[in-house]
**Q** 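Sharing a structure with you now.
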Protein chains: 2
Amino acid sequence: MSENVDSILGDQASVPAAAEFARRCRDVGLADTPQRRVIFAALTSSKDHPSAEVLHGRVKERLPRISLATVYRNLSLFVEKGLVDGVATASSHARFDANPHKHHHLICKSCASVTDVYSAAYDALGVDRLESGGFEVQEIKVTGYGLCPRCKTKETNDA
Amino acid sequence: MSENVDSILGDQASVPAAAEFARRCRDVGLADTPQRRVIFAALTSSKDHPSAEVLHGRVKERLPRISLATVYRNLSLFVEKGLVDGVATASSHARFDANPHKHHHLICKSCASVTDVYSAAYDALGVDRLESGGFEVQEIKVTGYGLCPRCKTKETNDA
DNA sequence: TTACGAATGATAATCTTTCCTAATCCGGTG
DNA sequence: CACCGGATTAGGAAAGATTATCATTCGTAA
Ligand SMILES: [Mn+2]
Ligand SMILES: [Mn+2]
Ligand SMILES: [Zn+2]
Ligand SMILES: [Zn+2]
């Protein structure tokens, strides 16, 4: 950690962006560090949906000494604090389901439990209603994220 | 691999189920093996959404010598062939998104690329419309799975 | 400026998933 | 039913991904 912040962030529109990021960090109780600024800026300026490792590669252009662990650590924090979204793709840590009836899922943000949801309204969501631009949509899944009953009560007792 | 199939599958309703499974395997071009029968049966009789490792634990009660690699291998095949569903939870292999505008995603089953979708109709899906039974739903995401333009053309050229 | 809790970097430890190879099994044939 | 050839498995190891640890450094509020 030797570079100074201005040179790290570059000259572009980073001044107002940096102030904005500092405010958002304060709001969620995170310290405003150069690493976080750069990670967040790299993700914000990404048009794709990079993985932690890809992001680490991009961030290293600005902060060559940053650790991969720091990137993982802060992405998790950002997701936890709601500063960014995590997109669950497939494979890896997957859960499996042989229930042949059409249904959707509720996933607990706290314990990762999966609950089935049956909804005629959701089943009826047409693939055709998607603005899919060349993408061949084969199926649509509606997923609700939140807190399962068990975790909800636990949450309130924690305070 | 020494136990015989009947003793492995037990006496319950496994006879018709076994025949049904054999047929579905044939349909998708997979051999009907004892390991696959037991893995599939274990998943079918699960009311939860087990991970590969949890399933391995359950399957081992019937086939103590089965390898974890066999479970992973066959779950992937089952998903690929459409015999079961994979449920993407979070963490691990996650992709990240700092796009602050409400939107949904299309995920390519072939290359795992993620494409943004903006849809007022999907945004309007009310949390309240979910039959959520005690689950506190905080947000709803609609995800379309299929083939991205690049993979779609690749697919047709492969044949 | 000081003091202290928070964050980082480096690396070890843990998963999770895939690969590899010899041995075994499956499905069809004679 | 015995046999063959290709498909599949067990097992272990390798690879890949993520998290934990800890000494050191930094950021923040007083
Ligand atoms: Mn389900
Ligand atoms: Mn997105
Ligand atoms: Zn929960
Ligand atoms: Zn694709």
Side-chain angles (χ1 to χ4, degrees), chain A residues 1-5 8 18-19 21-40 50-57 59-60 62-81 83 86 88-96 112, chain B residues 1-6 8 18-19 21-40 50-57 59-60 62-81 86 88-96 112:
Chain A
M1 240 170 293
S2 52
E3 298 93 329
N4 98 353
V5 174
I8 289 167
F21 180 70
R23 187 185 59 69
R24 299 186 63 181
C25 280
R26 210 179 314 117
D27 288 347
V28 299
L30 292 179
D32 174 28
T33 73
Q35 290 84 348
R36 286 181 180 157
R37 264 177 287 222
V38 175
I39 293 168
F40 188 81
S51 65
E53 194 164 25
V54 166
L55 217 33
H56 179 236
V59 163
K60 270 199 298 193
R62 286 282 172 81
L63 295 175
R65 309 182 46 77
I66 195 172
S67 159
L68 177 57
T70 298
V71 174
Y72 271 107
R73 199 165 29 217
N74 285 308
L75 284 173
S76 292
L77 278 171
F78 289 168
V79 170
E80 182 184 323
K81 301 301 186 182
L83 298 186
T89 52
S91 73
S92 278
H93 270 223
R95 312 290 274 307
F96 299 90
Chain B
M1 238 171 293
S2 50
E3 299 93 329
N4 100 352
V5 173
D6 290 337
I8 289 167
F21 180 70
R23 186 184 61 69
R24 298 184 65 181
C25 278
R26 211 179 313 118
D27 288 347
V28 298
L30 291 180
D32 173 27
T33 72
Q35 290 83 354
R36 286 181 181 157
R37 264 178 286 221
V38 175
I39 293 169
F40 187 80
S51 65
E53 193 166 29
V54 167
L55 218 32
H56 178 235
V59 163
K60 270 198 297 192
R62 285 283 171 80
L63 296 175
R65 309 182 48 76
I66 194 172
S67 155
L68 176 57
T70 297
V71 174
Y72 271 108
R73 196 178 328 118
N74 285 307
L75 285 173
S76 293
L77 278 171
F78 289 168
V79 170
E80 183 183 322
K81 300 301 186 180
T89 53
S91 74
S92 269
H93 277 219
R95 313 289 275 307
F96 299 90

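Convention: sequence-line order gives letters A, B, ...; per-chain numbering from 1.
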**Q** So does A:Arg23 pair up with A:Asp27, basic N to acidic O under 4.0 Å?
**A** yes
**Q** Under 4.0 Å from OP1 or OP2 of C:dT17: is there any side-chain N or O of B:Tyr72 that close?
**A** yes
**Q** Under a 4.0 Å threshold between the charged nitrogen and the carboxylate oxygen, would B:Asp32 count as salt-bridged to B:Arg26?
**A** no
**Q** To check you understand the geometry: which heavy-atom pair defines the closest contact between A:Ile39 and A:Thr70, and what is its length?
**A** CD1-O, 4.1 Å
**Q** Mind checking B:Ile66 for me? I need base, sugar-phosphate or nothing, with any heavy atom below 4.0 Å counting as a touch.
**A** sugar-phosphate
**Q** Send over the distance from A:Leu75 CG to C:dT8 P, rounded to a whole Å.
**A** 12 Å
**Q** Between B:Ala52 and B:Leu30, just flag the one whose closest nucleotide in DNA chain C comes earlier from the 5' side.
**A** B:Ala52
**Q** Using a heavy-atom cut-off of under 4.0 Å over every strand shown, decide if B:Arg36 touches base, sugar-phosphate, or nothing.
**A** sugar-phosphate
**Q** Taking all atoms of both residues into account, what is the closest heavy-atom pair of A:Arg37 and A:Ala18, and its distance?
**A** CD-CB, 4.5 Å
**Q** When only distance counts, do a donor and an acceptor, one from the side chain of B:Arg26 and one from the base of C:dG27, lie under 3.5 Å apart?
**A** no
**Q** Between A:Lys60 (NZ) and C:dA10 (P), how many Å, whole number?
**A** 11 Å
**Q** Counting side-chain heavy atoms from CB outward, which of D:dT9, C:dC26, D:dG27 is closest to A:Pro34?
**A** D:dG27
**Q** Rounded to whole Å, please give me the gap between CZ in A:Arg23 and C1' in D:dT28.
**A** 19 Å
**Q** Which of these nucleotides, C:dG9, C:dC19, D:dT9, is closest to any side-chain atom of B:Ala69?
**A** C:dC19
**Q** Send over the distance from B:Arg73 CZ to D:dA10 P, rounded to a whole Å.
**A** 7 Å
**Q** So, is B:Gln35 near the phosphate of C:dC25, with a side-chain N or O under 4.0 Å from OP1 or OP2?
**A** no
**Q** Does B:Tyr72 have any side chain to side chain contact (heavy atoms under 4.5 Å, CB included) partners at least two apart in sequence or in another chain, and if so, which?
**A** B:Ala52, B:Leu68
**Q** Output yes when a side-chain donor or acceptor of A:His56 lies under 3.5 Å from a complementary backbone atom of A:Ile66, and no otherwise.
**A** yes
**Q** What is the separation between atom CZ on B:Arg65 and atom C1' on C:dA23, rounded to the nearest whole Å?
**A** 12 Å
**Q** Can you check the B:Asp32 CG to D:dT9 C1' distance for me, whole Å?
**A** 15 Å
**Q** What's the CD-P distance between A:Glu80 and D:dT19, to the nearest Å?
**A** 12 Å
**Q** Is any side-chain nitrogen or oxygen of A:Ser67 closer than 4.0 Å to OP1 or OP2 of C:dT8?
**A** no
**Q** Looking at every non-hydrogen atom in both residues, tell me the closest pair between A:Pro34 and A:Leu63 and how far apart they are.
**A** O-CD1, 4.1 Å
**Q** Ignoring backbone atoms, establish whether A:Thr33 has a side-chain N or O less than 4.0 Å from OP1 or OP2 of D:dG27.
**A** no
**Q** With distance as the sole test, does A:Arg36 use its side chain to make a donor-acceptor pair with the main-chain N or O of A:Cys25 at under 3.5 Å?
**A** no
**Q** Can you measure A:His56 atom NE2 to C:dT11 atom P for me and round it to whole angstrom units?
**A** 13 Å
**Q** At how many degrees, to 10°, do the end axes of the helix from C:dT1-D:dA30 to C:dG30-D:dC1 meet when each uses five pairs?
**A** 40°
